[in-house]
Student: 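Input: one structure, supplied below.
Within every chain, numbering begins at 1; the chains are lettered A, B, ... in the order of the sequence lines, protein sequences first and strands thereafter.
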There are 2 protein chains.
Amino acid sequence: MGGDHGPSVTVPAALSFLSQASDAELILVGQESAIRSELAKLKQERHPRITIRHATEVVAMDDPIETALRRKKDSSMRVAINLVKEGQAQACVSAGNTGALMAVSRYVLKTLSGVDRPAICTILPNQNNGPTYMLDLGANVDCEPLHLHQFALMGSALVAAVEGKPRPTVGLLNVGEEDIKGNEVVKQTAELLRADHAKGVLNFYGNVEGNDIFEGTTDIVVCDGFVGNVTLKAVEGLGRFVKSVLQAEFRSNPINMMGALIARGALNSISQRLNPSRYNGASLLGLRGLVFKSHGGADAYSYEWAIKRAYEAAKHDVLARISTTIAELMPPSSSGAAIPEVVSASELNQQKTA
Amino acid sequence: MGGDHGPSVTVPAALSFLSQASDAELILVGQESAIRSELAKLKQERHPRITIRHATEVVAMDDPIETALRRKKDSSMRVAINLVKEGQAQACVSAGNTGALMAVSRYVLKTLSGVDRPAICTILPNQNNGPTYMLDLGANVDCEPLHLHQFALMGSALVAAVEGKPRPTVGLLNVGEEDIKGNEVVKQTAELLRADHAKGVLNFYGNVEGNDIFEGTTDIVVCDGFVGNVTLKAVEGLGRFVKSVLQAEFRSNPINMMGALIARGALNSISQRLNPSRYNGASLLGLRGLVFKSHGGADAYSYEWAIKRAYEAAKHDVLARISTTIAELMPPSSSGAAIPEVVSASELNQQKTA
């Protein structure tokens with residue numbers, strides 16, 4: 001039901017995904033009549049691998065987290081996450097309000113043992129034709145070194161599982177490559193990561209800079225949620241700006257339009273390689289269940305990528321792998337057991353927790 | 001002498017600049033023989049508006065700040081900044097080591113009264129065809145609200161002077177637009193800026209997000225140097241990535257090459273609008289003198305833009321305007337008089353000051 005478009009995007013995306021993944025089943029959660037009407041439009045009233053699970057409420061994109069958490073207990077978001085908790089679904093995908101999705105996921109699923117704070121991890125394209133995984137993207141605006149340390153371990157376990165890379169490289173986002181650069185949090189985090197590297201449990205590359213994200217210097221880039229959120233939105237903004245300049249110039253006169261027509265193969269490839277839709281689907285890492293967040297404005301093609309990502313993560317048993325990695329590597333002092341299991345909504349509303 | 005290319009870039013840039021700005025004079029500071037040899041190559045041994053000022057030393061791009069500050073007292077960088085201090089030059093432009101340039105500038109020129117920390121301000125293109133001014137870009141990796149407040153005032157005075165906008169808009173870079181979003185430093189900064197806005201001394205728009213930089217939502221975007229540095233390098237990285245994809249695809253086969261040839265007008269316009277060279281030249285704001293930093297890797301065209309920016313700033317009396325703005329608006333408690341005049345090199349080496 002979530003996102004800017006609701007079932008008119010999520011239902012076609014679900015059908016297209018199922019046609020690609022023959023071993024997958026989907027439970028569509030939300031207002032049954034709205035879902036059935038979309039399925040009917042596409043002549044798929046009775047898809048053998050679709051189940052509908054009715055939910056009476058919807059978390060609106062502008063609902064306060066408090067509302068999502070305390071009042072709308074039969075929202076499609078809450079019901080879908082409950083299905084993960086009860087083991088009826090292996091992953092949940094939502095295009096809804098990010099803050100609400102994180103808060104409800106934390107409340108319902110709880111964090112993995114050893115994880116203090118879940119993080120949001122997305123992927124970005126790079127010049128090496130591979131994805132760069134980046135976290136946190138905004139779940140935690142103030143981070144201590146131990147949190148960034150956990151993000152590195154979770155990201156590493158995710159990439160090892162999904163990309164099949166046994167020792168993915170981890171970079172720590174900083175203002176320079178030298179060890180002396182950066183603020184205190186980053187410097188102390190680097191020490192923790194170097195210690196893990198020395199023990200052979202993490203492949204720590206060292207500090208990376210903003211440009212390294214797109215150069216593909218490391219498989220994973222770790223940063224706090226403030227820096228990650230601002231950076232992600234800035235590059236998305238630049239992407240839209242570049243796209244608008246390209247479109248305006250190629251349509252500016254008939255000669256340019258003819259050139260664009262002749263070179264449409266190149267333009268299609270460019271569009272394909274730089275298409276942000278292919279990178280849709282961020283993981284909420286560190287929870288006792290798989291939850292994926294699609295962009296709110298995603299179209300069906302883009303939303304399908306988010307479903308694919310959830311499917312891949314479930315297939316590669318990402319949850320167990322993160323859980324094992326964290327359990328093996330985290331010092332007992334920062335065990336999740338010490339963290340209250342119930343999240344305060346007002347805290348989450350401020351996008352940080354004690 | 002600075003940057004990756006030294007006089008082979010700075011001398012042609014200087015000559016090209018002088019051919020455009022008939023009222024400007026340049027003092028070329030550095031190793032006289034190297035400068036004369038470049039001038040001779042371009043048949044400009046005796047340009048009437050060029051003076052050469054010999055300096056025996058050069059700050060290398062990888063010199064520690066300590067070396068630039070304590071050992072190389074006759075470096076081209078130091079001598080050029082001294083010329084500004086002595087009033088022989090109205091502005092200094094360098095493509096040298098940023099940390100060294102900031103440290104030597106602070107040491108020689110001192111900060112303006114009321115300014116605790118200088119900031120680096122650059123401009124970026126936006127969808128409204130106007131520049132977005134963004135600061136700080138890396139001089140201060142840890143900032144208090146009072147510092148971000150000063151950055152807002154300095155940026156506002158700069159834009160008012162150079163762009164001729166009496167009330168430029170100021171946005172505070174954050175993870176969301178709502179007042180409740182962000183970390184403590186950002187929230188407290190917003191309060192200071194709202195108070196200035198209520199007094200009518202600053203045109204504070206409110207929080208902005210990463211995408212707003214390229215949407216041109218505000219004339220000025222204020223952030224700490226860590227966030228600014230990472231964001232700037234990330235967008236530069238994405239820019240290079242997009243450029244490499246465009247080049248590769250348009251050259252991938254003869255048909256695409258023909259299309260590109262026919263639409264070369266569009267490609268030239270695109271290249272022109274997105275050319276980072278046009279945005280070269282960052283201001284070191286908050287000093288008792290104008291200092292501009294060119295990208296180290298700048299070519300002559302790009303370096304000329306940095307000279308133009310210095311020229312425009314001098315012409316519009318930016319220094320006096322910032323000085324007046326700060327003096328009028330800053331509460332006396334944070335006056336620069338309380339700040340030690342001598343910068344510790346080890347502190348600056350860590351890119352922050354007490």
Side-chain angles (χ1 to χ4, degrees), chain A residues 125-127 138 141-142 173-176 180-184 186 209-215 223 225-227 229-242 244-246 249-253 255-267 269-270 273-274 349-352, chain B residues 125-127 138 141-142 173-176 180-184 186 209-215 223 225-227 229-242 244-246 249-253 255-267 269-270 273-274 349-352:
Chain A
N126 69 42
Q127 291 196 345
V141 295
D142 283 305
L173 196 56
N174 201 343
V175 297
I180 201 172
K181 288 289 177 75
N183 55 33
E184 278 312 308
V186 165
E209 302 183 69
N211 47 296
D212 289 301
I213 300 166
F214 296 101
E215 286 166 18
C223 58
F226 192 99
V227 171
N229 186 284
V230 164
T231 303
L232 183 70
K233 286 177 181 162
V235 300
E236 286 174 350
L238 177 59
R240 283 194 292 271
F241 176 40
V242 169
S244 77
V245 169
L246 288 177
E249 294 299 338
F250 279 118
R251 289 172 188 168
S252 61
N253 66 46
I255 293 173
N256 289 334
M257 284 168 78
M258 189 193 295
L261 190 68
I262 292 171
R264 66 186 176 280
L267 288 169
S269 294
I270 291 163
R273 283 191 62 186
L274 301 176
N349 214 7
Q350 294 170 52
Q351 294 213 347
K352 57 172 190 175
Chain B
N126 69 42
Q127 291 196 345
V141 294
D142 283 305
L173 196 57
N174 202 343
V175 296
I180 201 172
K181 289 288 177 77
N183 55 31
E184 278 313 309
V186 165
E209 301 183 69
N211 48 298
D212 290 301
I213 299 166
F214 297 101
E215 285 166 18
C223 59
F226 192 99
V227 172
N229 186 284
V230 164
T231 304
L232 183 70
K233 286 177 182 163
V235 300
E236 286 175 350
L238 177 60
R240 283 193 293 271
F241 177 39
V242 169
S244 77
V245 169
L246 288 177
E249 294 299 338
F250 279 117
R251 289 173 188 166
S252 60
N253 65 46
I255 293 173
N256 289 334
M257 284 168 80
M258 189 193 294
L261 190 68
I262 292 170
R264 65 187 178 280
L267 288 169
S269 293
I270 291 163
R273 282 190 66 186
L274 301 176
N349 215 8
Q350 295 171 50
Q351 293 215 350
K352 59 173 191 175

Student: Looking only at heavy atoms, which two atoms of B:Ile213 and A:Ala234 are closest? And how far apart?
Tutor: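 B:Ile213 and A:Ala234 have their closest heavy atoms at CD1-CB, 4.2 Å.
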
Student: In terms of heavy-atom proximity below 4.5 Å to chain A, should B:Leu261 be classed as side chain, backbone, both, or neither?
Tutor: neither

Student: Taking side chain as everything from C-beta outward and backbone as N, CA, C, O, which of these in B:Ile255 sits under 4.5 Å from a heavy atom of chain A? Side chain, backbone, both or neither.
Tutor: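 For B:Ile255, the contact with chain A is made by backbone and side chain together.
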
Student: Could you tell me which portion of A:Leu246 (side chain, backbone, both or neither) has an atom closer than 4.5 angstrom to a non-hydrogen atom of chain B?
Tutor: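 For A:Leu246, the contact with chain B is made by backbone and side chain together.
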
Student: For a 4.5 angstrom cut-off between non-hydrogen side-chain atoms, does A:Val227 reach B:Phe226?
Tutor: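 A side-chain contact exists here, since the closest heavy-atom pair is under 4.5 Å.
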
Student: Counting heavy-atom pairs under 4.5 Å to chain A, which of B:Asn126, B:Asn183, B:Asn174 comes out on top?
Tutor: B:Asn183

Student: Could you pull out the closest heavy-atom pair between B:Val235 and A:Leu238, with the gap in Å?
Tutor: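 So the minimum-distance heavy-atom pair works out to O-CD2, 3.4 Å.
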
Student: What is the minimum heavy-atom distance between A:Ala260 and B:Ala263, and which atoms define it?
Tutor: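 Smallest heavy-atom distance, with atoms named: N-CB, 4.3 Å.
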
Student: Taking every non-hydrogen pair under 4.5 Å, which of A:Asn253, A:Leu173, A:Leu267 racks up the most with chain B?
Tutor: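 Highest number of pairs under 4.5 Å: A:Leu173.
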
Student: Taking side-chain hydrogen bond (donor to acceptor under 3.5 Å, both in side chains) as the definition, give me every residue that meets it alongside A:Ser252, ordered by chain and number, with sequence neighbours left out.
Tutor: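 Counting only residues at least two positions away or on another chain, A:Ser252 forms a side-chain hydrogen bond (donor to acceptor under 3.5 Å, both in side chains) with A:Asn256.
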
Student: Let me confirm one number: the OG1-CG distance from B:Thr231 to A:Leu232, rounded to the nearest 0.5 Å.
Tutor: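 The OG1 atom of B:Thr231 sits 10.5 Å away from the CG atom of A:Leu232.
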
Student: Can you measure from CD (A:Glu209) to CD (B:Glu236) and round to the nearest 0.5 angstrom?
Tutor: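 These two atoms lie 10.0 Å from each other.
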
Student: Under 4.5 Å from any heavy atom of chain A, what part of B:Asp212 do you find: side chain, backbone, both or neither?
Tutor: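 Neither part, no heavy atoms under 4.5 Å.
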
Student: Pick whichever of A:Arg240, A:Met257, A:Arg264 has the most heavy-atom pairs under 4.5 Å with chain B.
Tutor: A:Arg240

Student: What residue, out of A:Gly237, A:Ala266, A:Gly265, A:Ser269, has the most heavy-atom pairs lying under 4.5 Å from chain B?
Tutor: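 Option with the top pair count is A:Ala266.
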
Student: I would like to know whether A:Lys233 and B:Asn211 meet side-chain contact (heavy atoms from CB on, under 4.5 Å); could you show each step before the answer?
Tutor: CA-CA 5 Å; A:Lys233 286 177 181 162; B:Asn211 48 298; 3.7 Å; yes

Student: If we define contacts as heavy-atom pairs under 4.5 Å, which of A:Gly239, A:Cys223, A:Gly259, A:Ser244 has the most with chain B?
Tutor: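 With the most close heavy-atom pairs to chain B, the winner is A:Gly259.
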
Student: Measure B:Gln127 against the heavy atoms of chain A and call it side chain, backbone, both or neither at under 4.5 Å.
Tutor: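 It is both, since atoms from each part get that close.
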
Student: Does A:Arg251 have any side-chain contact (heavy atoms from CB on, under 4.5 Å) partners at least two apart in sequence or in another chain, and if so, which?
Tutor: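 Listed in chain order: A:Gln247.
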
Student: I would like to know whether A:Val242 and B:Phe214 meet side-chain contact (heavy atoms from CB on, under 4.5 Å); could you show each step before the answer?
Tutor: CA-CA 10 Å; A:Val242 169; B:Phe214 297 101; over 6 Å; no

